[in-house]
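The structure appears right after this line, and notes come after that.
Chain A is the first sequence line, chain B the second, and so forth, proteins listed ahead of strands; every chain is numbered from 1. All values reported here derive from a predicted model rather than from experimental measurement.
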Amino acid sequence: MRNLPTTYDPKDVEERLYTNWEAQGYFRADPDPEKKPFTIVMPPPNVTGQLHMGHALDNTMQDILIRFKRMQGYNALWQPGTDHASIATEVKVIEQLKKEGIPNKEVLGREGFLKRAWEWKEEYGGRIIKQLKKMGSSADWQRERFTMDEGCNKAVEEVFVRLYDKNWIYKGSRIINWCPVCQTSISDAEVEHEEQAGHFWHIKYPIVGEDGFVEIATTRPETMLGDTAVAVNPEDERYTDLVGKMLELPLTGRQIPVIADAYVDKEFGTGCVKITPAHDPNDFEVGKRHDLEEINILNDDATINERGGKYCGMDRYEARAQIVKDLEELGLLVRVEDHVHNVGTHDRCHTTVEPMIKPQWFVRMKEMAETCREALEDGRLTLVPERMNKIYLNWINNMRDWCISRQLWWGHRIPAYYCEDCGETVVHKGGAPAVCPKCGGTHFHQDEDTLDTWFSSALWPFSTLGWPEETEALKYFYPTDVLVTGYDIIFFWVIRMVFSGIEQTGQVPFHTVIFHGLVRDELGRKMSKSLGNGVDPLEVIEQYGADALRFTLVTGNAPGNDMRYSETKVQASRNFANKIWNASRFILMNLDEDLPETVPAEDLEAADRWILSKVNDLVRDVTDNMEKYELGLAVGKLNDFFWDEFCDWYIEMVKSRLYGEKGTSRTTALWTLKAVLRTALKLLHPYMPFITEEIFSYICPDEGSIMISDWPVYQEAWNFPAEEEEISVMKEAIRAIRNIRATMNVPPKTKATVYVVTTDAHVADIFRRGAGFFAPLSFADQVIVQEDRTGLSESAVQIPLQNGSAFIPLEQLVNLDKERARLNKEKDRLAGEIERAEKKLSNERFVSKAPANVVEEERNKVVKYNAMLQEVVTQLARLG
RNA sequence: GGGGAUGUAGCUCAGUUGGUCAGAGCGCUACGUUCACAUCGUAGAAGUCGAAGGUUCGAGCCCUUUCAUCCCUACCA
């Protein structure tokens with residue numbers, strides 16, 4: 001125990017402690033009516049996923065809160081699990097098949113493919129969980145769930161049936177976003193917009209029966225194959241005569257009408273817009289209004305279909321080039337402009353998305369969007385930071401029906417069955433219905449589509465707890481308390497959980513959502529695979545330890561803000577861990593006597609009282625910050641307290657007592673060291689679980705694990721405001737002396753007697769009592785406290801105190817001119833302070849309007865600085 | 001077009017309800033290794049808190065305007 005290494009080695013302890021915590025069942029949470037629950041559901045990482053910095057940040061924050069609440073006595077459940085991630089996983093499995101020479105999933109068939117997918121999940125699905133454990137995550141792993149497990153599937157079918165029965169889920173042919181590579185529809189939220197340089201082709205459409213033309217402009221000439229009208233604004237005088245006439249659609253031989261629709265912007269382009277209802281969302285709407293034909297000219301892989309005539313079989317871009325060429329030859333191409341426009345791409349594969357009309361399943365959002373709004377506005381839901389409210393409401397205000405069907409195999413299959421006899425659609429949970437309610441038929445085939453992954457994620461807070469069964473866990477832990485997640489999925493996930501929770505359970509699934517930002521690289525760029533700038537958290541843990549990584553991720557970061565990751569930050573955290581280690585090691589080295597349970601208050605010396613008071617304040621402040629989810633502020637205070645107050649001051653102050661003889665003073669110092677360290681370790685534990693547990697086992701060997709120990713509370717017995725004041729006087733004096741010695745280049749080895757000259761009994765008392773540490777910290781061989789300048793020469797170096805002065809007889813080392821200059825500078829500084837304070841006080845409105853304590857403080861300042869100024873003036877006079 | 005964020009020391013950022021808040025870490029300068037730690041200590045240099053107005057006795061902190069950077073969102077073909 002006395003021979004701990006001088007540096008902390010995380011590798012030595014992390015795995016051992018984690019294994020033990022898990023074995024002891026400390027992470028488990030079961031319903032217990034005696035305790036209050038506190039629940040966080042873990043945002044389920046993709047089963048395909050590998051731990052990245054985003055996960056690391058997200059999980060660190062959750063673990064901090066869970067450990068904090070657990071120590072506070074809550075029955076803290078952190079509910080973990082993974083997400084099946086339909087597209088991501090399906091893509092991975094297909095990749096694997098390709099490596100084996102299987103060209104596509106159809107070769108295996110649906111059953112065969114799913115079998116492979118499950119095998120893949122069994123093999124790799126646990127990887128991310130293992131990685132989360134390396135972070136120190138104290139989730140209840142026995143409750144680990146998977147969005148596609150039996151229970152979640154039940155929940156999904158239940159919700160689907162309920163919403164369908166309510167008419168809030170419907171099937172319809174609508175224009176949706178189609179990914180030609182993934183061969184599936186995707187929701188609006190999965191579309192990313194990229195600015196791309198393109199062109200504006202101006203094309204002439206001949207007017208039937210006349211010589212004239214209509215000029216239209218388009219960025220996508222190939223879609224003209226599907227044009228069924230040209231639209232102008234009804235207010236546009238230029239084209240009033242045109243409306244109702246027919247145009248000849250070049251390259252196709254078809255005739256299309258000119259229609260009037262307010263959607264057209266007169267000012268933009270030529271004021272004439274080609275309308276392609278089958279391949280543009282706006283045109284689709286226009287088409288509906290004017291009852292236009294919808295001509296789909298594309299195959300699912302975005303090649304032109306048979307409706308495209310000679311262009312049939314060409315890829316969309318190939319067709320575009322050919323069409324432009326052909327138009328040019330026909331003399332119908334007026335001109336080509338460069339044009340930058342936004343192109344929708346699929347967020348998974350970055351393929352340009354193609355709007356297409358497809359029969360798909362939708363969730364009606366109107367009513368549920370309103371319930372989301374109400375939950376926020378009536379305070380049942382709180383978002384941290386508050387500005388997320390605006391973003392949340394912005395989404396709510398623009399919410400459109402949610403396309404939930406996907407043409408994929410890996411996912412929850414839509415529980416809709418079609419009667420083979422009459423074609424009736426029957427939505428049914430737990431497999432196909434026995435009998436068709438319409439015709440009595442008994443043969444059905446199930447809808448081929450699966451559900452958007454987020455449909456099951458939306459149920460996560462309650463499906464994981466057993467819903468739709470009324471389980472004990474559900475009753476006890478639901479609704480959950482806090483959700484921690486990135487602001488980037490507020491729409492994908494948070495809003496959908498909110499409306500699903502309210503709709504299905506009648507309750508908002510959590511009362512608070514804490515948003516964090518992105519972890520960026522040193523240059524502020526997003527970490528991404530394509531850039532190759534991602535930092536692997538596991539490698540950081542390997543090199544610096546999980547505690548250092550965790551500490552880094554929450555330090556100096558305000559909620560909702562992005563942060564930049566840099567290795568030097570981790571090094572700083574590692575250094576802090578090492579500081580904790582060594583301070584503890586120092587205490588252990590000296591802890592060679594049995595300490596009493598408590599120490600009588602009268603035995604506590606000023607320094608002891610001061611540090612106890614400080615740590616007591618720390619308990620209050622840190623707890624307060626953590627309850628407000630201000631983790632960055634809390635961790636900053638912990639760092640400052642431990643390093644500055646405890647290590648740099650208190651430990652230095654008590655060294656002389658520790659090195660001295662055994663007795664009350666030494667015992668009291670040891671007791672205080674231990675008490676403060678013990679408290680600080682507890683406060684630090686949520687942030688740095690490993691090192692604190694390891695040290696706690698040495699410092700408090702009889703107290704068991706720190707992670708299930710009690711969270712410290714503020715205690716009046718440790719409140720010593722007088723000593724806080726007293727020690728700050730001493731600290732100021734010590735700093736001043738050190739400063740002077742440094743500027744005069746006096747080496748620490750040169751000891752000098754420090755004289756404290758004061759007629760103020762209180763000040764004299766402070767320095768007499770504190771001489772034990774005042775002397776070594778101010779490099780003095782002794783401290784003499786007296787009422788006058790006996791034994792001091794005129795030119796002794798003077799340090800003004802509040803009521804008196806400290807003197808150091810270093811005359812031989814001092815250049816008198818320099819000393820005069822120094823004192824004059826000090827005089828000016830003090831005079832400046834006094835002037836500023838007096839100016840404030842002479843302002844009547846300040847005196848009358850500012851709070852009394854603020855005014856009082858200014859008055860005290862004047863008194864204090866005046867006294868110090870007097871000392872300096874006297875000394876200057878002495879030097880002549 | 002709409003919405004949001006950021007702008008504080010050379011770099012990365014804190015600053016919680018307006019009143020010692022002008023801060024921290026890294027970097028830099030000087031000095032220092034006998035007794036916890038050089039993954040350390042002591043001292044120091046460094047910022048008109050993007051700019052301009054305003055509210056207030058008092059403003060990085062509140063209001064207005066403005067400049068710069070970034071993100072989200074949107075149907076200008």
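Checking the phosphate oxygens (OP1, OP2) of B/C76, no side-chain nitrogen or oxygen of A/His339 falls inside 4.0 Å. Residue A/His193 places no side-chain N or O under 4.0 Å from the OP1 or OP2 atom of B/U73.
A salt bridge links A/Glu826 with A/Arg829; the closest basic N to acidic carboxylate O contact falls under 4.0 Å. Salt-bridge check for A/Glu645 with A/Lys731: passed, with a basic side-chain N closer than 4.0 Å to an acidic carboxylate O. A salt bridge links A/Glu354 with A/Arg220: the distance from a Lys NZ or Arg NE/NH1/NH2 to an Asp or Glu carboxylate oxygen falls below 4.0 Å. Salt-bridge formation is not detected for the pair A/Lys288/A/Glu285: no Lys NZ or Arg NE/NH1/NH2 atom is positioned less than 4.0 Å from an Asp or Glu carboxylate oxygen. Salt bridge absent: A/Lys274 and A/Asp280 never bring a charged side-chain N and a carboxylate O closer than 4.0 Å. Salt bridge annotation for A/Arg620-A/Asp617: present, with a cationic side-chain nitrogen under 4.0 angstrom from a carboxylate oxygen.
Between the P atoms of B/G53 and B/U6, the separation comes to 24 Å (whole Å). Rounded to the nearest Å, the gap between the P atom of B/C61 and that of B/U17 is 14 Å. With both ends at atom C1', the span from B/G15 to B/C21 equals 7 Å, rounded to whole Å.
No hydrogens or angles considered: a donor-acceptor pair under 3.5 Å links the side chains of A/Asn582 and A/Asn578.
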Where along nucleotides 2-17 of chain B does protein come under 4.0 Å, by heavy atom, of base (B) or sugar-phosphate alone (S), with - for untouched nucleotides?
-> --SS------SSSSB-
Scan nucleotides 32-41 of chain B nucleotide by nucleotide, 5' to 3', and note B when protein non-hydrogen atoms come under 4.0 Å of the base, S if they reach only the sugar-phosphate, - if neither.
-> -S--BB-BSS
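For B/G60, the glycosidic angle deviates from 0 by 90° or less, giving a syn base.
Nucleic acid contact for A/Trp581: none, since no nucleic acid atom lies under 4.0 Å from a heavy atom of the residue.
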